[in-house]
Amino acid sequence: MTTIATIPLSAVRATASRTAAPAEANWRVADVEAHFELPFMDLLFLAQQVHREHFDASAVQLSTLLSIKTGGCPEDCGYCPQSAHFDTGVEANKLMALQEVVDAAQAAKAQGATRFCMGAAWRSPKARDMERVSEMVREVKALGLETCMTLGMLNAEQAQSLDAAGLDYYNHNLDSAPEFYRQIISTRTYQDRLDTLANVRQAGIKVCSGGIVGMGESRVQRAGLIAQLANLEPYPESVPINNLVQVTGTPLAGTAPLDPFEFVRTIAVARITMPKAMVRLSAGREQMDDALQALCFAAGANSIFYGDRLLTTSNPQAARDRALFDRLGLRAMP
Ligand code: SAM
Ligand code: DTB
Ligand code: SF4
């Protein structure tokens with residue numbers, strides 16, 4: 001078994017103290033896996049140390065999600081209730097009106113969110129969509145909120161126009177290790193995802209990229225996902241770790257659930273390998289009890305989706321989250 005003495009602590013230290021654009025970022029999958037293999041308490045201790053070097057361990061960033069265009073997506077992502085390939089009962093809607101989006105953002109701000117993430121079930125935005133989503137960015141930003149969008153694949157020009165509109169973050173997940181990816185999605189490649197992330201980075205927008213666990217992947221494949229993210233140069237500013245929300249009708253419904261401690265390990269390893277990133281405890285929180293969420297925060301998660309809906313599935317009520325924060329002495333990050 002790996003012990004705290006045998007893992008490459010020098011690598012952890014080097015990573016913990018580096019700046020945003022590390023020339024030395026080169027996590028081997030085996031080194032990441034060695035962290036997963038640590039005794040649970042040692043892994044949590046390491047993750048806490050790295051977390052406390054860069055953050056107030058009791059401050060958590062609050063992002064609210066809004067689905068601005070739901071369902072009818074041409075992609076076949078095996079986890080997703082919004083794919084037109086699967087019968088999940090999610091209706092296909094058109095792009096939401098600007099005022100509806102602004103109203104939702106205002107409500108999110110009133111609840112205490114600092115970032116507003118707008119998601120569309122597109123393969124990629126069409127030219128006619130770009131002006132409308134850019135307007136949404138400008139108006140939401142004018143409310144004093146950070147803005148994030150997730151609209152599918154972007155080319156360089158689209159990324160530049162979102163940057164010009166003032167977009168702060170673009171979310172585009174790698175989702176899984178490259179070796180596992182083709183079992184989950186056939187309509188776009190891993191390289192397509194990397195190209196979108198490069199276009200976003202090049203345009204000067206901050207990168208939000210993470211993945212989903214609990215899809216039947218192996219531990220090495222979870223390590224493979226984290227290594228891919230950590231080796232991006234620089235690694236993403238924001239890293240959502242989603243636990244698969246199983247939706248009836250999707251091919252992944254019925255997958256054996258992940259051991260909750262393995263989910264916590266994934267958070268800890270993300271924290272250790274991407275020390276300055278916001279690591280978001282993302283989808284799947286509604287299915288977790290308070291004690292498991294507390295362990296995720298202890299492992300270095302410092303961001304959540306806040307508000308009673310994710311995109312099409314439910315998320316804990318804001319009041320439940322506020323009560324949990326009170327019990328744990330957590331504070332919303334300003
Ligand atoms: N269509 C865009 C795309 O795929 O890039 C943006 C929206 S898509 C729903 C955003 C992300 O949500 C996916 O990359 C995936 O990581 C996550 N997601 C979707 N369905 C999920 C589920 N059932 N459980 C957990 N995460 C999910
Ligand atoms: C991310 O990594 N998770 C969010 C956000 N980015 C867009 C989406 C979770 C979706 C969960 C399934 C649903 O509600 O449809
Ligand atoms: Fe479409 Fe995004 Fe869902 Fe894939 S994850 S089916 S691209 S909405």
Side-chain angles (χ1 to χ4, degrees), residues 65 67-88 90 92-93 95 117-130 133 148-162 167 169-203 205-217 221-222 224-232 235-236 238-242 244-247 249-253 255 282-283 310-313:
L65 262 176
S67 181
I68 58 171
K69 194 273 163 202
T70 305
C73 183
E75 303 294 280
D76 68 354
C77 311
Y79 46 77
C80 186
Q82 302 198 70
S83 166
H85 296 256
F86 321 130
D87 188 4
T88 62
V90 170
N93 290 315
L95 183 60
C117 306
M118 295 159 267
W122 286 325
R123 172 174 167 80
S124 58
K126 305 267 183 310
R128 65 176 179 274
D129 303 319
M130 287 306 298
V133 296
C148 177
M149 284 200 153
T150 179
L151 313 172
M153 295 188 286
L154 292 186
N155 62 31
E157 195 191 326
Q158 289 171 321
Q160 283 152 18
S161 67
L162 288 172
L167 185 70
Y169 292 83
Y170 193 80
N171 166 243
H172 197 67
N173 292 336
L174 289 181
D175 274 343
S176 71
E179 301 73 31
F180 188 68
Y181 183 86
R182 59 188 71 83
Q183 291 182 44
I184 306 295
I185 300 154
S186 77
T187 48
R188 68 167 74 141
T189 66
Y190 209 78
Q191 189 58 47
D192 288 334
R193 290 185 185 252
L194 292 168
D195 291 347
T196 292
L197 292 181
N199 291 335
V200 168
R201 180 60 80 198
Q202 192 66 35
I205 300 169
K206 285 182 260 208
V207 171
C208 173
S209 188
I212 313 183
V213 295
M215 299 195 291
E217 74 287 341
Q221 288 166 338
R222 281 186 285 281
L225 164 67
I226 299 290
Q228 282 284 331
L229 293 166
N231 289 336
L232 292 172
Y235 58 78
S238 170
V239 180
I241 305 292
N242 297 278
L244 175 69
V245 177
Q246 300 203 7
V247 178
T250 59
L252 290 183
T255 305
S282 302
L310 290 166
L311 293 173
T312 66
T313 65

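With rounding to the nearest 0.5 Å, the separation of OH in Y190 from CD1 in I185 is 10.0 Å. Here the straight-line distance linking atom CG of L225 with atom CD1 of I241 works out to 6.5 Å at 0.5 Å rounding. Note: L151 CG to D129 CG = 8.5 Å, rounded to the nearest 0.5 Å. Here OH of Y181 is found 6.5 Å from OG1 of T189. Values are rounded to the nearest 0.5 Å. Interatomic distance, Q191 CD to T196 OG1, rounded to the nearest 0.5 Å: 10.0 Å. To the nearest 0.5 Å, atom OG of residue S176 and atom CD of residue E217 are 8.0 Å apart.
Of all non-hydrogen atoms in Q158 and P125, the two that sit nearest each other are NE2-O, 2.8 Å. Listed here is the closest heavy atom pair of I68 and M149: CD1-CE, 4.3 Å. In terms of heavy atoms, P74 sits closest to R123 at CG-CB, 3.9 Å. Scanning all heavy atoms of the two residues, the minimum distance from L95 to K69 falls at N-CG, 3.8 Å. Closest approach of L197 to H172, counting heavy atoms only: CD2-O, 3.4 Å. Smallest separation of non-hydrogen atoms from P251 and G78: CD-O, 3.2 Å.
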One pair to check against side chain to side chain contact (heavy atoms under 4.5 Å, CB included): I184 and L252. What are the steps and the verdict?
CA-CA 8 Å; I184 306 295; L252 290 183; 4.0 Å; yes

Are L65 and L311 close enough, and set up right, to give a side chain to side chain contact (heavy atoms under 4.5 Å, CB included), and what steps lead you there?
CA-CA 7 Å; L65 262 176; L311 293 173; 4.0 Å; yes

Using salt bridge (Lys or Arg N to Asp or Glu O under 4.0 Å), reason through D175 and R193 one step at a time and then give a plain yes or no.
CA-CA 9 Å; D175 274 343; R193 290 185 185 252; 3.3 Å; yes

For L162 and M130, what are the C-alpha separation, side-chain angles and deciding distance, and is it a side chain to side chain contact (heavy atoms under 4.5 Å, CB included)?
CA-CA 8 Å; L162 288 172; M130 287 306 298; 3.7 Å; yes

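With hydrogens and angles disregarded, no donor-acceptor distance shorter than 3.5 Å links the side chain of N242 to the backbone of I212. Counting only distance, with no hydrogens or angles, the side chain of T250 and the backbone of C80 share no donor-acceptor pair below 3.5 Å. Judged purely by atom type and a 3.5 angstrom limit, E75 has no side-chain atom pairing as donor or acceptor with the backbone of C73.
Just one of S238, C208, S209, S282 meets the side chain to side chain contact (heavy atoms under 4.5 Å, CB included) condition when paired with N171; it is C208.
The closest side-chain heavy-atom distance from V247 to V90 is not below 4.5 Å. Using a 4.5 Å cut-off on side-chain heavy atoms (C-beta onward), Y79 and T255 make no contact. Residues P178 and Q228 form a side-chain contact, since some pair of their non-hydrogen atoms from C-beta on lies under 4.5 Å apart.
Atom CZ of R182 has 12 or fewer heavy atoms from other residues, nucleotides or ligands within 6.0 Å.
Partners of Y169 by ring-ring contact (aromatic ring centres under 6.0 Å, His included), not counting sequence neighbours: none found.
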